[in-house]
Amino acid sequence: MLERSDHVTLSLSVTGSNEDIAHGTIIPARKSLRRSWNQLPRCQRNLIILGISAMFITLLFLLPTQLLNKSGKQNALTGDDLVHYKDLGNILLGNKVEEIATKSLLNDPQNTGANSEAIQDVPEQNILPAPEPQHQLSLQQPAQQLPDLSKNIEKVNENNIESNKEDVTRVESLENDRAEIELAIQDPNLLPGSKGVTIEEFLERIDVINLPQKQHFHGARNERQVAVVNAFKHAWDNYRKYAWGHDNLKPISETFYDWFGLGLTIVDALDTMYIMGLEDEFAEARKWISESLNFNINRDVNLFEVTIRVLESTVNRNLNEKIEKMFPILLLPLLWQDDSRNDNCVQLRLLGYNNNTLLSLWNKSGKQKALTRDDLLPFKDLGNEFFDNVTYDNYRKRFLNHPQNADIKWEALRNALERNIQSTPEIQHQLSLQQSAARQPDLSKNIENINENNIESNKEDLTLEYDRAEIELAIQDPNLLPGSDGVTIDEFLESIDVTHLPQKQHFHGARNERQVAVVNAFKHSWYNYQKYAWGHDNLKPISETFHDWFGLGLTIVDALDTMYIMGLEDEFAEARKWISESLNFNINCDVSLFEVTIRVLGGLLSTYHLSGDKIFLKKSIELTNRLLPSFLTLSGIPYSDVNLATLTAHAPKWEPDSSTSEVTSLQMEFRDISRITNVSLYERVVQRVNEKVHILEKDKGLVPIFINADTGNFRKFATISLGARGDSYYEYLLKQWIQTGRKENDFLLTDYLRSIDGIFSKLLKRTPKDNHVYIGELIDGKNFKPKMDHLTCYLPGALLLGHHFGLPDSHMLLARDLLDTCYQTYMKQPTKLAPEISYFAVGANEDLDIYVKPNDAHNLLRPEFIESLYYFYALTGNHTYQDMGWIIFQAFERHAKVTHGYTSIGNVKNIFNTRPLDLMETFWLAETLKYFYLLFSDNPKEIDLEKWVFNTEAHPLPIRKN
């Protein structure tokens, strides 16, 4: 009769009509029960609910209590004890409750001290206080193996169980932390959890190399920043006058207000003063922090306010203050007597031991008696705990293995490494090192389990520090050879054997009419420079006077090798005499690191290699020493400006960033003089720039045109261009690779190839009508602009040079197309001279494929296109390129030549109004006329490009084998 399992036949008159009952109507059971329940009086329903609730509450409360009571009777719960409750899981427990309870509460020996009250309090949703008297639960034995009850427990809410576990862990952790806090606040001068170690003792144990790296800021650089600094000073001076040591200044009533009594204004403003470079104000505040800041004040303070204002501002400064009160020097000179030798030897070791030990060794080292090996024996195993093998190895390589470093002064080292060595009275004297270091004990075996990533980072940081130290030593006297034990430059030059001087190069002079014409142009420029601007940087040919940029006689130095190559012996001799007698680098003037390097240092080095004359090397070494302060930066990326007299350097005054091309176009010159003198410092500082830029993120190998010397990072959203501020970065990638022997695995080559691929994919376009290939720019690093500087016209020659040395054919094809476009920028102007900047059509509706804006129509006598023509002629022998160059040379003769020299012009678009600018750039003689002369030579290999590589100022330097 049952048609569905959830229906029953009603045979009792519980509900419904008599007719329904008589006929045995089938009524759903759920509806029947609900109808019956609703018909009961409210009081009866309440009684039924209370009864059922009482039954469940009894089960929930009493059964766990019985278990707990038994567990407290010195016996562990057994499986038999739990078997009566094995089916409770279906109603009350999760399928993991027993397992969790036995594992977490019963089977762990460390929980034998737990008590039932604690257990009942924690998972209170399952175990509630029982009415019976509470007693301690001591679990002394692990529970016996329990039967597997999981099969009897189903449909359990696992989320509740996990929540219970987390609650237990949380409470245990909270209780532990509360206990630790109670211990810590018994004496706030102890380090929590350190078994009585004081804060002072903890600070003494901190190795100096683990201190945070000191940050350097350049101070206000513009009017707006200066205004902000003045506002700070106004606020600070009045606070100091009316509210010193109190929390706040009340400037109108000229008094103070204390919130917590912690000198909040002083502490809260600490890092602001540091960032602004207010050294005096910061020192004053630091002194107050050290001597007067007292936290033991009987006053309620706001946890949040004190944390964000006081704690965050003082944590590092208090640490540094404590460090300065101890003697945690990074370098400790130890003198000993080497028993196997007759002379005293010096060992510089990097230690990080405690104050008293270092002081005892230091004191002994100053007592006219050398330390013996026995004195050092107790410290032979320091490597495991205190000694960094990378630190040791790098320092030894930089300072100890070179005999010329024997006269390093301890004071100089301390000053050079001031970021790691705090000033203390104990080391305010100099230690003169007598001879090169003795054999060093091998401590590397004592050092294990080192994090390789940290090692690489430390190696880089330490190498930078060592180079900074060597630079500091070198610039103490620029007339000494760095790292040479006090050898002067003159003494070094005298020691060079004649056989080690470069072989003198011979040139035959002008051999044809075109070369003669170029020589005459040079002489016309030179004689007027002699007459109106001798010893100054530039000739102003129209006003018959001069212009000084740096005051280094730039025209003379930059034109030296041009005169030598042209065979102008009298002019060269006159210039050499001025170099020897009058060229003075000790001038109190900021100069451009880049310009002085490529023009002056490059010119001197090139002439030294061509002539073999030591006077040019002498001047090169002194100048290089005076340029070194530019590399005293946090990142290793050099500052752009350096003062040759004060030996200080800084970023450009008008902005914080350097030009990418400038910091990456020093390497050829510094590497060359490093190889000549065997002073590796010169090459290391520029190679670091290569390495830093190599790892920076690029856009298909293309780089932004600005980079920050403090951070070592590119400026975000800067323009990407192969013109101004970007050009020679790409040029020097290729030419450095050539200069150093063209190694296959050189990252310089990899970066160059990637950059050319980036040019193809990002910058290369064609005009819609004449299909002129050009290289545009990415404004803000992303928006294409159809603009190409004349400076970019060096690229065809560089591409062809790379192809000559085995790079892809696509480079040669691009070189040809781009050379033609550059030529058209000349030919499309009435003067047949190219403008500084050309623009290109992007749509077919534009009238001209190549056009010039009025502000960009000037010509500065630039050499870049003539340079490319020279490479095409020298590498192919095709005379067509000579003819192209001759047209342009004649244009210079017509429009740039004036009575007293050659001048830049302001307008290439009008042959009747060229607007002469009255300035003869030094690169006119150094580059443009030199490349014209070589282009017109009957011998394409007058300068053999297998043996020489030109720097970016057309100064040839020898190619090295490695």
Side-chain angles (χ1 to χ4, degrees), residues 525-526 528-562 575 578-579 582-604 606 619-620 622-624 626-627 629-630 638-655 658-659 661-663 665-666 669 724-725 727-728 791 836 858-864 896 900-906 916-930 951-955:
S525 303
W526 182 257
N528 282 282
Y529 169 78
Q530 281 182 309
K531 185 175 181 180
Y532 299 110
W534 184 249
H536 296 281
D537 288 341
N538 297 93
L539 167 67
K540 300 183 72 173
I542 297 175
S543 56
E544 303 176 3
T545 185
F546 57 83
H547 166 70
D548 272 326
W549 190 6
F550 307 136
L552 294 174
L554 288 183
T555 294
I556 299 175
V557 186
D558 215 6
L560 276 170
D561 53 5
T562 303
W578 185 89
I579 296 288
S582 303
L583 179 57
N584 174 31
F585 296 127
N586 190 22
I587 53 173
N588 188 13
C589 174
D590 288 346
V591 303
S592 165
L593 170 67
F594 166 72
E595 297 291 353
V596 170
T597 296
I598 65 170
R599 299 188 192 211
V600 183
L601 180 58
L604 291 170
S606 173
K619 294 296 183 179
S620 298
E622 182 191 349
L623 176 59
T624 306
R626 292 182 182 274
L627 295 174
S630 293
Y639 289 128
S640 64
D641 296 354
V642 57
N643 188 301
L644 298 180
T646 63
L647 302 177
T648 57
H650 56 80
K653 293 182 178 179
W654 56 89
E655 62 182 353
S658 301
S659 298
S661 63
E662 293 187 358
V663 302
S665 303
L666 315 164
E669 297 80 2
R725 302 183 184 275
D727 50 356
S728 53
L791 290 167
E836 181 73 1
H858 51 284
N859 182 293
L860 304 180
L861 312 176
R862 287 199 184 276
E864 286 75 24
H900 300 296
Y902 288 78
T903 181
S904 304
I905 61 175
L917 299 178
D918 193 20
L919 188 68
M920 188 176 73
E921 296 282 359
T922 71
F923 50 69
W924 166 250
L925 291 89
E927 298 185 75
T928 309
L929 291 179
K930 181 186 295 161
N951 83 338
T952 195
E953 191 75 7
H955 298 304

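At least one side-chain heavy atom of Ile598 sits less than 4.5 Å from a side-chain heavy atom of Thr952. Between Thr555 and Trp534, the closest side-chain pair of non-hydrogen atoms is not below 4.5 Å. Between Met920 and Asn538, every side-chain heavy-atom pair lies at or beyond the 4.5 Å cut-off. You'll find the side chain of Arg599 stays beyond 4.5 Å of the side chain of Phe550, heavy atoms only. With contacts defined as side-chain heavy-atom distances shorter than 4.5 Å, the pair His547/His536 does not qualify. Under the 4.5 Å side-chain criterion, counting only non-hydrogen atoms from C-beta, Asn951 is not in contact with Thr597. For the pair Asn586 and Arg626, the minimum side-chain heavy-atom distance is below 4.5 Å. Lys930 has its side chain within reach of His955: a pair of non-hydrogen atoms, C-beta onward, lies under 4.5 Å apart.
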Carefully, step by step, assess Leu593 and Ser640 under the rule side-chain contact (heavy atoms from CB on, under 4.5 Å). CA-CA 6 Å; Leu593 170 67; Ser640 64; 5.9 Å; no
Take Val557 and Leu601, measure what side-chain contact (heavy atoms from CB on, under 4.5 Å) needs, and give me the verdict at the end. CA-CA 9 Å; Val557 186; Leu601 180 58; over 6 Å; no
Going through the checks in order, is the side-chain contact (heavy atoms from CB on, under 4.5 Å) test met by Ile579 and Leu560? CA-CA 10 Å; Ile579 296 288; Leu560 276 170; 4.1 Å; yes
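With rounding to the nearest 0.5 angstrom, the CZ atom of Phe594 is 10.5 Å from the CZ atom of Arg725. In this structure, Glu927 CD and Arg862 CZ are separated by 9.0 Å, a value rounded to the nearest 0.5 Å. Once rounded to the nearest 0.5 Å, the distance linking CG of Leu917 with CG of Leu860 reads 7.0 Å. Rounding to the nearest 0.5 angstrom, the gap separating the NE2 atom in His858 from the CD1 atom in Ile905 is 10.5 Å.
The closest side-chain donor-acceptor pair between Ser665 and Ser728 falls under 3.5 angstrom.
Of the possible donor and acceptor atoms, none in the side chain of Lys619 sits under 3.5 Å from a partner among the backbone N and O of Leu604. In this structure, Thr562 contributes its side chain and Leu925 its backbone to a donor-acceptor pair below 3.5 Å. With hydrogens and angles disregarded, a donor-acceptor distance shorter than 3.5 Å links the side chain of Asp918 to the backbone of Ile542. Panel note: side chain Asp590, backbone Asp641; no donor-acceptor pair is recorded below 3.5 Å. Of the possible polar contacts, none joining the Ser606 side chain to the Gly602 backbone as a donor-acceptor pair under 3.5 Å is found. Proximity of a side-chain donor or acceptor of Ser592 to a complementary backbone N or O of Glu595 within less than 3.5 Å is detected. Formation of a donor-acceptor pair under 3.5 Å by the Asn643 side chain with backbone atoms of Thr648 is not found in this model.
For the residue pair Leu552 and Trp578, the shortest heavy atom distance occurs at O-CH2, 3.7 Å. Closest non-hydrogen pair, Gly553 versus Asp537, comes out as N-OD1, 3.0 Å. Shown here for Ser525 and Leu929, the closest heavy-atom pair between the two residues is OG-CD1, 4.5 Å. Considering all non-hydrogen atoms of both residues, Tyr532 and His900 come closest at OH-CE1, 3.2 Å. Closest approach of Asn528 to Leu539, counting heavy atoms only: O-CD1, 3.8 Å. In terms of heavy-atom proximity, Leu919 sits nearest to Thr903 at N-OG1, 3.3 Å.
Considering Leu861, Leu554, Ile556 in turn, Leu554 is the only one that fulfils the side chain to side chain contact (heavy atoms under 4.5 Å, CB included) rule with Thr922.
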